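Written below as structure tokens is the structure these notes are about.
Order of appearance sets the numbers: ligands from 1, and atoms from 1 within every ligand. Just the heavy atoms: all of them, side chains too, but no hydrogens, waters or symmetry mates, feed the values below. Here the structure is a predicted model, which means the values were calculated and not measured.
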Amino acid sequence: MNVKRFRICVFASGRGSNLQAIIDGVEEGRLNCEIVFVMSNNSSSGALEIARKKNIPAYHLSEKVFHKNNFEESLIDLLEKHKPDLIVLAGYMKLVPISVIRRFENRIINIHPALLPKFGGKGMYGMNVHNAVFQAGEKVSGVTIHIVNENYDEGKIIYQEKIDISDCKSPEEIAEKVLKLEHKVYPEVIQKIIEGKIKLN
Ligand code: GRF
């Protein structure tokens with residue numbers, strides 16, 4: 001009996017190292033799911049390159065290319081076509097349309113490179129986060145995986161893991177340590193969601 005494999009899609013804007021970590025998890029048997037498509041708002045994103053190399057359907061959708069409603073309609077068409085069980089944001093820098101958030105209530109997750117609710121919210125992405133953590137003199141940082149709701153970084157936290165950064169001499173060193181932790185944690189948490197060990201609603 002062929003059990004329907006859990007389906008995820010990934011939205012990414014940048015180099016795609018979290019996407020790569022998820023693909024590695026699938027290929028190494030640590031993560032039992034199918035990546036049904038990758039979408040990026042950035043036509044030159046590393047994430048689209050990675051997807052293409054792995055023959056994963058890769059789509060560039062951007063509000064710039066369409067005026068707003070075409071973008072939203074195109075995204076909904078993709079979701080209806082590929083029918084993911086879970087939408088995984090991995091460094092996706094655009095807002096997810098409210099219509100998609102409502103259709104995928106409690107089925108969109110995001111990874112944030114700090115211990116929310118601290119160091120989150122508007123403008124807190126990428127190096128801005130690690131600069132703020134460094135400026136604050138924090139000895140510990142970490143990753144947060146949360147549900148994406150209409151308030152974005154304020155969705156229910158489903159997992160957090162801390163890491164000691166007391167030896168870090170720069171925000172770049174913090175970023176490097178936290179990114180490695182992201183690559184370990186994201187595939188693990190997605191697998192726990194698949195196994196029902198982490199509940200999303
Ligand atoms: C990661 O630091 C993640 O926490 C944040 O955006 C970055 C994505 O990096 N949301 P990558 O594109 O997966 O390398």
Between Asp24 and Arg30, is the closest basic N to carboxylate O distance under 4.0 Å? no
Where ligand 1 meets Pro113 - atom numbers and elements under 4.0 angstrom, heavy-atom basis: 4 (O)
Kindly assign one of parallel, tilted or perpendicular to the pair Tyr59 and Phe37, based on the angle between their ring planes and the thresholds 30° and 60°. perpendicular
Which protein heavy atom lies closest to atom 1 (C) of ligand 1, and at what distance to 0.1 Å? Glu182 OE1, 3.0 Å
From the candidates Gly91, Ala175, Ala21, the one that places a heavy atom nearest atom 5 (C) of ligand 1: Gly91
Within-cut-off N or O pair, Ile111 and ligand 1, under 3.5 Å: yes
Is the side chain of Lys162 donor-acceptor paired with the backbone N or O of Gln160 at a distance under 3.5 Å, no angle test? no
N or O contact, Arg15 vs ligand 1, cut-off under 3.5 Å: yes
Compute the shortest N/O to N/O distance between Asn18 and ligand 1 and return yes if it is under 3.5 Å, no if not. yes
May I ask you to check whether Asn42 and Ser13 show a side-chain donor-acceptor distance below 3.5 Å? no
Per side chain to side chain contact (heavy atoms under 4.5 Å, CB included), Ile190 is matched among Ile109, Asn32, Val185, Val26 by Ile109
Below the 3.5 angstrom mark, is there an N/O of Gly16, backbone or side chain, next to an N/O of ligand 1? yes
Closer than 4.0 angstrom, basic N to acidic O: yes or no for Lys184 and Glu161? yes
